[in-house]
Number of protein chains: 2
Amino acid sequence: MLKVDRPKTLKENALESLRDAITSDLIKPGDRLVERTLCESMGVSRTVVRECIRHLESERLIVGVPNAGFIVATISRDEVKEIYDIRIMLECSAVRSCALNADKAVIDKLHQLREQIATCLQNDDVMQALKLTTEFYKLIFTTGGKHVSWDLVERLNARISRLRALTLSSTGRKTKGPVNLLNIIDAIEQKDADRAEEICKKHLTEAAEIAAKLI
Amino acid sequence: MLKVDRPKTLKENALESLRDAITSDLIKPGDRLVERTLCESMGVSRTVVRECIRHLESERLIVGVPNAGFIVATISRDEVKEIYDIRIMLECSAVRSCALNADKAVIDKLHQLREQIATCLQNDDVMQALKLTTEFYKLIFTTGGKHVSWDLVERLNARISRLRALTLSSTGRKTKGPVNLLNIIDAIEQKDADRAEEICKKHLTEAAEIAAKLI
DNA sequence: TATTGTATTATGGTATACAATCATATAATC
DNA sequence: GATTATATGATTGTATACCATAATACAATA
């Protein structure tokens with residue numbers, strides 16, 4: 001079936017734009033979101049803005065205070081820790097499934113992404129590295145058939161995007177990160193689910209520790 | 001401090017109402033959600049309805065098809081299985097933490113809830129049993145400090161609410177369920193995190209199996 | 001200075017208008 | 001009769017104007 005993708009609605013574009021602005025730290029935690037201001041800056045009507053706000057509210061990226069509008073959500077140390085804990089569980093499970101299901105095409109793609117990530121980190125292009133890392137894990141999750149989990153992880157990641165960027169660019173991470181990824185791919189290639197899980201866990205635990213220090 | 005609670009906004013009420021209608025199977029998966037119909041039946045304006053829709057869309061309770069409105073989300077067997085898998089991970093982790101943190105007040109409350117649940121099941125009041133079960137686990141999660149996890153579990157549960165109701169009222173579950181809960185409480189009381197986790201896992205695995213048959 | 005009053009701003013919510021699109025029925029054509 | 005074209009109605013997508021109320025900041029007053 002030759003599907004044709006429908007034109008994106010204004011609301012979808014606006015949502016993406018607003019979410020990007022938040023996750024890329026253009027609008028900072030605690031900042032107020034004034035409806036009419038957003039209308040102007042995005043060039044859309046209030047209706048659209050309000051729908052976006054509701055969507056992001058449900059994603060916990062922004063929080064509403066009654067009669068006082070919305071602010072970009074802040075995040076506590078405890079929440080960060082919990083988010084990393086949850087990610088560890090979900091990613092370990094995903095990487096296991098992936099190890100059992102991955103074919104050559106997947107492995108190749110993973111290697112390719114890993115290389116690109118390493119390059120980006122060497123060039124200090126953290127934003128791009130973050131995007132590629134997301135791709136990397138998305139492939140792992142979908143290969144493992146963990147679509148619901150990936151959905152959750154994406155949301156959790158959105159809430160700690162700033163920390164992720166900082167973590168990724170931290171000195172130890174720049175070289176060690178890609179090595180970990182390489183080990184994960186190797187384990188997947190050998191269908192060694194246990195080892196893949198173990199490395200994944202280690203990798204994430206390290207990230208969590210760096211994040212904990214940074215916050 | 002004499003706080004006065006703010007009146008809930010229309011949107012909040014409408015959201016709850018709509019979500020309830022979906023989770024309680026009043027509106028069934030696949031059913032269309034027509035904006036104006038919802039406006040009338042809920043007595044609110046289109047703006048409010050649309051905000052609710054966006055919120056529920058983000059919760060994956062409804063899905064939108066461009067230019068054709070929204071339908072109540074359906075769920076596949078695979079998704080159900082994955083949701084139960086995720087719940088097992090999250091609840092096991094939560095029950096462990098709970099076992100370490102629970103004081104007498106919590107234990108008492110858990111016992112109380114468990115009794116109420118058993119009573120409801122004997123009287124075939126499944127809806128109420130479901131609500132109480134939610135309370136039961138909410139207490140476990142919050143006691144364990146797993147607020148983010150609880151948030152996720154609540155959402156996942158919303159997506160399988162119908163299955164949960166069916167599962168809960170299945171013959172084997174009516175008597176076995178409360179026994180499992182009792183065992184969990186016991187383990188928590190003795191601060192035996194390992195056993196608590198184990199029982200919790202068993203309990204949920206059974207539920208998942210029943211659900212798998214039902215779907 | 002502390003309190004009160006007031007103006008401004010922003011939100012919460014409604015109603016309405018209109019274009020774009022989809023579904024369906026109907027008419028026209030081969 | 002089967003297919004295509006057209007018209008129609010329903011519904012969404014988007015914009016805008018409007019009102020009431022709450023929050024806030026600031027001025028006025030005692």
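In the text below, chain A, chain B and the rest are named by the order of the sequence lines, each starting its count at 1.
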May I have the distance from B:Glu12 (atom CD) to C:dT11 (atom P), rounded to whole angstrom? 16 Å

A:Ile188 and its side-chain contact (heavy atoms from CB on, under 4.5 Å) partner, picked from A:Val106, A:Leu110, A:Leu100: A:Leu110

Using modelled atom types only, decide if a donor and an acceptor are shared between the side chain of A:Thr119 and the backbone of A:Glu115 within a distance under 3.5 Å. yes

Considering only heavy atoms, which members of residues 39-51 of chain A lie under 4.0 Å from some atom of DNA chain D? A:Val44, A:Ser45, A:Arg46, A:Thr47, A:Val48

If we count only N and O atoms by modelled type, under 3.5 Å, do the side chains of A:Thr23 and A:Ser161 hold a donor and an acceptor together? no

Remember a base hit wins even if backbone is also touched, and classify B:Leu33 as base, sugar-phosphate or nothing at under 4.0 Å, heavy atoms. sugar-phosphate

Over how many whole Å does the gap from B:Arg54 atom CZ to D:dG13 atom C1' extend? 9 Å

Spacing between B:Glu35 atom CD and D:dT12 atom C1', to the nearest angstrom: 6 Å

On DNA chain D, compare the nucleotides closest to A:Leu10 and A:Arg32; which residue's is nearer the 5' end? A:Leu10

Look at the rings of A:His203 and A:Tyr137 and say which category their plane angle falls in: under 30° parallel, 30 to 60° tilted, over 60° perpendicular. parallel

Integer-rounded Å distance: D:dT21 C1' and B:Lys11 NZ: 19 Å

Side chains of B:Asn180 and B:Glu206 only: does a donor on one sit below 3.5 Å from an acceptor on the other? yes

Distance-only, no hydrogens or angles: does the B:Asp31 side chain make a donor-acceptor pair with backbone N or O of B:Val72 under 3.5 Å? no

Rounded to whole Å, the CZ-P distance (A:Arg36 to D:dC18) equals 12 Å

